[in-house]
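Since the model is a prediction, treat every value here as computed from it, not as a measurement.
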Amino acid sequence: SPFFEVVGPRTASGQELKQGKVAAGMEVCFVVKFRPQEVKEYRVDLVCCTEREKFAVPVRALGPRAVLALPDDVDFGVAPVKSTRSKTLIVQNVGTCIANFRLRCTPPVFVASPAEGIVETGQTIMLELAFTPDRADAYHGEMVGEYVGQTGGGSGAEAKDRDEVAVALQGVAENVE
């Protein structure tokens with residue numbers, strides 16, 4: 001790739017090593033230099049060959065990304081059983097491109113609204129989180145935000161590269177007498 005350069009190991013005097021063999025149990029360090037031409041995502045697989053095997057090392061340089069400024073966790077405190085406790089979050093897109101997102105909460109006693117939306121770069125949106133417990137208990141869950149249509153977030157083989165963010169949710173439900 002014209003954007004990546006691999007620089008091999010050098011001697012103590014700074015000259016490149018001529019021999020390409022490494023003894024068993026030893027390690028060798030290579031430097032990968034990255035020279036982007038524009039702000040975008042770059043991907044390359046470095047193929048390493050030994051006498052016994054061949055393996056690929058993926059090298060990724062991320063391009064523009066949407067980033068919603070979400071808290072790490074939201075605590076709803078104590079709520080009566082079968083009532084709703086809500087929290088409103090003001091969320092800003094602090095990334096470098098439009099945030100097209102989907103939210104899902106587990107378990108279903110937690111709900112996020114809107115469940116999907118679009119936030120321009122630098123703009124904010126109000127998210128309403130609700131906790132509606134159905135029995136007296138301590139609840140722990142999470143809200144997962146998925147960035148839709150963002151580079152790296154495909155389907156099939158690339159689904160594992162999907163850009164997601166998780167927020168821990170918790171609340172306690174008590175019976176009211």
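Residue Tyr42 comes nearest to Gln37 through the heavy atom pair OH-N, 3.1 Å, listed as atom of the first residue, atom of the second, then distance. Contact record, Pro64 with Thr96: CA-OG1, 3.2 Å, taken as the closest heavy-atom pair. Considering every non-hydrogen atom in both Pro71 and Val167, the closest pair reads O-CG2, 3.2 Å. Pro114 approaches Leu127 most closely through the heavy-atom pair CD-CD2, 3.7 Å. The shortest heavy-atom contact between Leu103 and Ala112 is CD1-CB, 4.0 Å. Among all heavy-atom pairs drawn from Cys105 and Phe110, the shortest one is CB-O, 3.2 Å.
Test Ile125, Ile118, Val165 against Phe101 for side chain to side chain contact (heavy atoms under 4.5 Å, CB included) and you get one pass: Ile125.
Using a cut-off of 4.0 Å between Lys/Arg side-chain N and Asp/Glu carboxylate O, Arg104 and Glu164 are scored as salt-bridged.
Scored by the side chain to side chain contact (heavy atoms under 4.5 Å, CB included) test, Val109 finds Pro107, Phe131, Asp134, Tyr139 as partners (sequence neighbours excluded). Scanning for side chain to side chain contact (heavy atoms under 4.5 Å, CB included) contacts around Glu53 gives Thr50, Phe55, with sequence neighbours left out. Partners of Asp73 by side chain to side chain contact (heavy atoms under 4.5 Å, CB included), not counting sequence neighbours, listed by chain and number: Ala168. Not counting sequence neighbours, the partners of Phe30 by the side chain to side chain contact (heavy atoms under 4.5 Å, CB included) test are Val6, Pro9, Val28. Arg35 meets the side chain to side chain donor-acceptor pair (under 3.5 Å) test with Glu5; sequence neighbours excluded. With sequence neighbours excluded, no residue forms a salt bridge (Lys or Arg N to Asp or Glu O under 4.0 Å) with Glu174.
In this structure the side chain of Phe76 reaches within 4.5 angstrom of the side chain of Lys87, judged on heavy atoms. The shortest side-chain heavy-atom distance between Leu89 and Leu129 falls under the 4.5 Å cut-off. Taking 4.5 Å as the limit, every side-chain heavy atom of Thr132 sits out of range of all side-chain heavy atoms of Ser83. Residues Met143 and Val111 form no side-chain contact, since every pair of their non-hydrogen atoms from C-beta on lies 4.5 Å or further apart.
A donor-acceptor pair shorter than 3.5 Å cannot be found between the side chains of Ser113 and Glu128. For the 3.5 Å distance criterion, the side chains of Gln123 and Asn93 fail to qualify, holding no donor opposite an acceptor.
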Item to complete: I would like to know whether Arg43 and Val59 meet side-chain contact (heavy atoms from CB on, under 4.5 Å); could you show each step before the answer?
Response: CA-CA 6 Å; Arg43 294 172 170 249; Val59 179; over 6 Å; no

Discussion item. One pair to check against salt bridge (Lys or Arg N to Asp or Glu O under 4.0 Å): Asp75 and Arg85. What are the steps and the verdict?
Written reply: CA-CA 10 Å; Asp75 187 349; Arg85 167 96 19 119; over 6 Å; no

Discussion item. Before you tell me yes or no, could you show the steps for Glu142 and Thr106 under side-chain contact (heavy atoms from CB on, under 4.5 Å), namely the whole-Å CA-CA distance, both residues' side-chain angles and the distance that decides it to 0.1 Å?
Written reply: CA-CA 6 Å; Glu142 73 177 359; Thr106 55; 4.1 Å; yes

Discussion item. Working note: Glu146 + Asp163, criterion side-chain contact (heavy atoms from CB on, under 4.5 Å); need CA distance, chi angles, decisive distance, verdict.
Written reply: CA-CA 6 Å; Glu146 176 188 348; Asp163 288 333; over 6 Å; no

Discussion item. Could you walk me through whether Leu68 and Tyr147 satisfy the side-chain contact (heavy atoms from CB on, under 4.5 Å) test, starting with their C-alpha distance in whole Å, then the side-chain angles of each, then the deciding distance to 0.1 Å, before giving a yes or no?
Written reply: CA-CA 9 Å; Leu68 295 177; Tyr147 297 106; 3.6 Å; yes

Worksheet item: Do Glu41 and Arg65 pass the salt bridge (Lys or Arg N to Asp or Glu O under 4.0 Å) test, and can you show the C-alpha distance, the side-chain angles, and the key distance before you say yes or no?
Response: CA-CA 10 Å; Glu41 184 164 308; Arg65 288 285 189 259; 2.8 Å; yes

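Taken together through direct or relayed side-chain contacts under 4.5 Å among Ile, Leu, Val, Met, Phe, Trp and Tyr, Leu70 and Val119 form part of one hydrophobic cluster.
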